[in-house]
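Written out below as structure tokens is the structure these notes cover.
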There are 2 protein chains.
Amino acid sequence: MTAGTIADAAPTVEPGRSVTAKVLAMLAAFTAEEPELTLSQLARRARLSLPTAHRRAAELVEWGALERDARGRYRIGLRLWEVASLAPRGVGLRDAAMPFLEDLYEVTHENVQLAVREGAEIVYVERIAGLHAVPVWTRVGGRFAMHATGVGLVLLAHAPASVQQEVLGLPLRRFTDRTVTDPKALRRILADIRRLGYAVSDGQVTLDALSVAAPIFDPDGEVVAAVSLVVRADGAQPAALAPLVQTAARGITRASRVTAAGRPVMRSPPRPVPAQRPGSAR
Amino acid sequence: MTAGTIADAAPTVEPGRSVTAKVLAMLAAFTAEEPELTLSQLARRARLSLPTAHRRAAELVEWGALERDARGRYRIGLRLWEVASLAPRGVGLRDAAMPFLEDLYEVTHENVQLAVREGAEIVYVERIAGLHAVPVWTRVGGRFAMHATGVGLVLLAHAPASVQQEVLGLPLRRFTDRTVTDPKALRRILADIRRLGYAVSDGQVTLDALSVAAPIFDPDGEVVAAVSLVVRADGAQPAALAPLVQTAARGITRASRVTAAGRPVMRSPPRPVPAQRPGSAR
DNA sequence: GCAGCGTTTTCACTGGATGGAAGGGTTCTC
DNA sequence: GAGAACCCTTCCATCCAGTGAAAACGCTGC
């Protein structure tokens, strides 16, 4: 198959990729920076030929996984968002946590964040950002490194050994001159976090921000998520904030225990329509 | 599995369905009531043979669109949730609206809801439910009929004529004896909503709840979403609440105008890792 | 009018996707 | 603790859905 040299001039398409993989690659082509793409962009990013991208995109649009705007550009569709809302680690967790996050926000008017671990990074599941609170770089659905933030440190401290090795093995990115990048020092910090039950990240992402985070457990006692409060660094008293955050974390642990065990999260709403999708009609 | 009757006998598989459609059918198999499924359930609901479901599911798990829990059951994965977070009508809208929803909640401590139209139904994009507020049946990512709720009425009032005809053409479900089910009457109500700039649904879904909703516009002046405040029906003064909701709606309109036009929603976060997914490695 | 894009359709070919069957595992029931 | 009832996984020959090149089409700006 390989004509001529290695990886010769854009061999159009690598064969052997399944249709499923191609479709998923198309979805992965969208980013927060460019949430709308033309067909050509989509094809290039997913490494597909134009006709193929065109056909798959048409199917995705028909189902609702993608939408087209007035200019014909593609974007992620609401239907996909609906389905994704069923992700237990996403919205499920979020719903259980929300009242507690609200409380935390209302009491402090600072940034409140909820995150889970995905591989060797964290993903923000929810955040409440006060307009007057210290600015943070997070976005719901966004990823971040584990070694610098409060939630990241909590999740790293309770991650499987293999994940810890992976993170500590690679060079740790320095965001500010307070970022801990020495694996030895970081291991000590992680031990402290396990011992104390909360983490503090002081100026490790931006110098003006300090975050205090605490772990959320699942019914088996595994750490599945973390909450944090991000405040202005000067004058902040981590030890005073910790109980607040820990209490919220305990509350969320308790709440998600219920939702996870007892099936019905709420009375099932009256189905307005037999939920028959146009596509599934006979 | 009712053996014997019609429909059973599982005619194995209807051919001609594309791989993409099958994969999407698998995603659509998950519901809020059953967010975790065994492979067999998945195969049945998506009308696929077991081996096929098994193979597709394996690919979806590898990519992160699905996850498997300890018992081997499948559920929607966080990676899909991440991608879906890029849906402009989902999280994009939500992020722009959140501060205003927060304000609305903090002032009233009642239920705050944000919804968009999808076909002939509404989809809730965000909701803030006070623990002490009147109970409501909504769920983020959940659907509902348009003709009874505040947000539904606003979105229906500003929907294309074809959608209005579709909704008004079918029998309108009665949730309570205050639900308006007469097309004529509903048309008059929709006209009032367009004239006044807000909608009131008084006891039309549950007798104890009243909601006041207002429209959110896109830069072209189209109504793309609606906000509502749901309060206890007895003693509520819709006319007094309307300005509050309308102000929030105006604020969201203004905020989403900015995010839609000016590309950068926020300073792009420092990319912790080149965002290289395991699957895309060389 | 022309050039430069991006989109859509057509067509013959081919290899990934397919389901039946069979093997192996786990969790209930009696 | 034997049996039943599911559920999951792998194998293999068949075949049709998916494929890219090429060309037609549509739009926008100059």
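A note on names: the letters A, B, ... follow the listed sequences, proteins ahead of strands, and every chain is numbered from 1.
- The distance from atom CZ of B:R68 to atom P of D:dC7 is 13 Å, rounded to the nearest whole Å.
- Summary of the strand contacts: B:E59 and A:L39 both lie near DNA chain C, and taking for each the nucleotide with the nearest heavy atom, the more 5' one is attributed to A:L39.
- Rounded to a whole Å, the CZ atom of B:R56 is 12 Å from the C1' atom of D:dA17.
- Phosphate contact (OP1/OP2 of D:dA17, side-chain N/O of B:K22, threshold under 4.0 Å): absent.
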Checking side chain to side chain contact (heavy atoms under 4.5 Å, CB included) for the pair A:L66/A:L80: CA distance, chi angles, key distance, verdict?
-> CA-CA 8 Å; A:L66 297 182; A:L80 191 69; over 6 Å; no
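- Place B:T38 and B:R55 on DNA chain D by their nearest nucleotides, and B:T38 ends up nearer the 5' end.
- B:R73 places its CZ atom 15 Å from the C1' atom of C:dT26, with the value rounded to the nearest Å.
- Residue B:M26 contributes atom CE, which lies 14 Å from atom C1' of C:dT18 at whole-angstrom precision.
- The separation between B:R71 atom CZ and C:dT26 atom C1' is 14 Å, rounded to whole Å.
- For B:R79 and B:W63, the positive end sits near the middle of the six-membered ring, less than 6.0 Å away and at most 45° from its axis.
- Rounding to whole angstrom units, CG of residue B:L48 and P of C:dG20 are separated by 12 Å.
- With rounding to whole Å, B:L42 atom CG is found 19 Å from D:dC6 atom P.
- Applying the 4.0 Å criterion to OP1 and OP2 of D:dC6, one finds that B:S40 has every side-chain N and O outside that range.
- The residues B:E126 and A:R94 are annotated as salt-bridged, a charged nitrogen and a carboxylate oxygen being separated by less than 4.0 angstrom.
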Tell me, with the steps shown, if A:R45 and A:L37 meet side chain to side chain contact (heavy atoms under 4.5 Å, CB included).
-> CA-CA 10 Å; A:R45 297 195 180 188; A:L37 301 173; 3.8 Å; yes
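- The distance between atom CG of A:L37 and atom C1' of C:dT7, rounded to the nearest whole Å, is 15 Å.
- Distances shorter than 4.0 Å separate some side-chain N or O of A:H54 from OP1 or OP2 on C:dT8.
- The shortest distance between side-chain heavy atoms of A:R89 and A:E118 falls below 4.5 Å.
- Comparing D:dA17, D:dT10, D:dG20 by their nearest atom to the side chain of B:P51 picks out D:dT10.
- Using a 4.0 Å heavy-atom criterion, one finds that A:R44 contacts no nucleic acid atom at all.
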